[in-house]
S.K.: 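I'd like to ask some things about the structure below.
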Amino acid sequence: MALLEIRRLTHFFGGLRAVADFNLRLEGGELLGLIGPNGAGKTTVFNLVCGFYKPTEGDIFFLDKDIAGLRPHAVTAMGIARTFQNIRLWNTLSVFDNLCIAQHFRLGYGLGDVVLRTGRFVTRERHVRRTAEELLEIMGLRHYAQERPGNLPYGMQRRLEIARALATQPKLLLLDEPAAGMNPGEIDQLVETIRWIRESFTLTIWLIEHHMRVVMSVCERVQVLDFGQTIADGPPEAIKQDPRVIQAYLGSEELSHA
Amino acid sequence: MRRHRGLWLYAAFSLAILWVCGHEMLTAYAQLVLMFIGINIILSSSLNLINGYMGEFSCGHAGFMAVGAYVSSILNVWLFTSHKVFGPPVLSPSSAVYLFPLTLLAGACAAALAGLLVAFPSFRTRGDYLAIITLAVNYIVKSSVENIQAIGGARGFMGMRKVIEEMEAVWRIPWIMLWILVFTGLTVWVLHRFVSSSYGKGIVAIRDDEIAAEIMGVDTRRMKLAAFMLSSGMAGLAGGLFAHILGYINPGTFTIMKSTEVMVMVYLGGMGSLSGSVLSAVLFTLILEVLRPLQVIKWVVIPLLLILLMLWRPEGIMGDRELTDVFPRLRRWFSADKGDVHGAP
């Protein structure tokens, strides 16, 4: 059973075809990269998978269940979490609260429990807080617990976004350009983090990235998208040599010689 | 005992007030002002849930107040008194003593249901557009009431005084003051617990970034439903209590002017600060009374004060902090505050 299986996924924005006939079979434990020039439809694929858009056509199966058209919070509850290209943390809440709220869908108590402070509320809330604290610890964010996310250094904000995604206890983690805007030192750290969380959380990771250094050093398989279509799929070394990929990135042979 | 110090403190305070009122050591006017303070606290703190914590702009709070006021008044008059439209009392008038809080809650439930009129549109629209919807709901409620002749239409509805008199005939207690104290405390307590739980903080996440909230597992629709129903239900509660103070209500009370007044209290106190809303409700009610001798000029002075406030302290008295953040020593008294689940031994 594949972890994620996408068949003939197509999405239109009005008359614009953003994703065309996208297919993917992702096995548990893989680390897959999705690359492509700007506007190739990479983020749209992520948005379709996490339920933010309803696909025009095609199926998305997660653990053999059709998730196309589910609302995002329900998709998250099934075990798909993501980070965003432009950091989207909750900026008036503390770092700690950011990690607690990411567990919202499995709080397991309701308004009545909150008001009456039932036993269920107390135990569940304690559990939520403990999970958040553990994540702070292992992601090296302990020091910032009561800080507002906006005050953190950029690299730390990216880390917090990953921590927040982990707080949902995902099986599949989507990282949308995790290295965007990072300096080389931060990138090295990120590569370490990605490798490390994959091992310790037994995660499947699917990432969009522009930094070839990140893609080449962490991904085991890379898929290349151009104008919504998959133009290559294979191990990173093969992708690097693929003439269609080079053409998509650098323009046609003639143009690059001119 | 230690854990509920705040609660005991409030209970003691309430008993003191009731005792003072019962022994007629307070003038009727002072009692009235106290009751309006309580009602304004309910109104401002419940609106803060929407305008402050959730970051929407609701300007129809008076509409929900009207629903609560009319439903509980009609229930009480129908059940416990003889009325020219509703006929003789359905239940024995003296049972009003026990059933009064239930009819109030029925009014609150009706208001919470009316809150759905805003909650459902809020799934698709937000910001300015939702604000216009709240405005529309306020008008819908007011015009509906104006056009139902059985409950007095634009002339208003009365008879609630008799219900209170029936209650006082059983036990001579300042009943309405009692219930205002109880429900004001209850409202603040419920709201405090709500916004300091991970569950309630989901609505703050919606304010900060709704898309991220939905994608990171917050069922934004459910949270919006909860927030709007809770907020409008509490407004309905305030309306029900308000109706029984003077025993007379008319639709003209529940206009956009009233909604604005509540909004002013929320912004004066600070968006997303519960203690700010409580403080500003007290302050605003007192200022209104202090400036009463100015008569019409009052409505020049008060807006002027607001303009000055917005210029010098646009975040309101408290900003988004709570009293316990400003004076940490207060935590001793209100230990059921944020983080106690975590810190409990």
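Quick note: numbers below take in every heavy atom, side chains included, and nothing from hydrogens, waters or symmetry partners. Every chain is numbered from 1, with letters handed out A, B, ... down the list of sequences.
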S.K.: Under 3.5 Å, which donor-acceptor pairs link side chains of residues 107-123 of chain B to any protein atom two or more places apart or in another chain?
M.R.:
unit_1, atom_1, unit_2, atom_2, d
B:S122, OG, B:A119, O, 2.5

S.K.: With sequence neighbours left out, what residues match A:R88 under side-chain hydrogen bond (donor to acceptor under 3.5 Å, both in side chains)?
M.R.: B:D209
S.K.: Let me see the working for B:V218 and A:F105 under side chain to side chain contact (heavy atoms under 4.5 Å, CB included), right down to the final yes or no.
M.R.: CA-CA 6 Å; B:V218 179; A:F105 64 91; over 6 Å; no
S.K.: Any chance you could lay out the side chain to side chain contact (heavy atoms under 4.5 Å, CB included) test for A:W90 and B:V204, step after step, and finish with the verdict?
M.R.: CA-CA 8 Å; A:W90 299 304; B:V204 183; over 6 Å; no
S.K.: About how many Å separate CG of A:N47 and CD1 of B:I215, when rounded to the nearest 0.5 Å?
M.R.: 6.0 Å
S.K.: For the residue pair B:Y199 and A:H104, categorise the inter-ring angle as parallel (less than 30°), tilted (30 to 60°) or perpendicular (more than 60°).
M.R.: parallel
S.K.: So, applying side-chain contact (heavy atoms from CB on, under 4.5 Å) with B:S198, which one of A:V114, A:V128, A:D97 is it?
M.R.: A:V128
S.K.: Nearest 0.5 Å, what's the OG1-CG distance between A:T76 and B:D219?
M.R.: 10.5 Å
S.K.: Please look at A:T92 and chain B and tell me whether the side chain, the backbone, both or neither of the residue comes under 4.5 angstrom of a heavy atom of that chain.
M.R.: both
S.K.: So, does A:E125 use its side chain to make a donor-acceptor pair with the main chain of B:S197 at under 3.5 Å?
M.R.: no
S.K.: Let me confirm one number: the CG-CZ distance from A:L116 to B:R193, rounded to the nearest 0.5 Å.
M.R.: 8.0 Å
S.K.: Got a second to check how far B:K201's NZ is from A:I101's CD1, nearest 0.5 Å?
M.R.: 6.5 Å
S.K.: Sub-4.5 Å heavy-atom contacts with chain B: which residues of residues 67-75 of chain A show up?
M.R.: A:R71, A:P72, A:H73
S.K.: What residues of residues 227-237 of chain B make heavy-atom contacts with chain A at a cutoff under 4.5 angstrom?
M.R.: B:L230
S.K.: Is chain B contacted by the side chain of A:R164, its backbone, both, or neither, given a heavy-atom distance below 4.5 Å?
M.R.: both
S.K.: Rounded to the nearest 0.5 Å, what separation is found between the CE atom of B:M216 and the SG atom of A:C50?
M.R.: 9.5 Å
S.K.: CG of A:L93 to CZ of B:R207: how many Å apart, nearest 0.5 Å?
M.R.: 7.0 Å
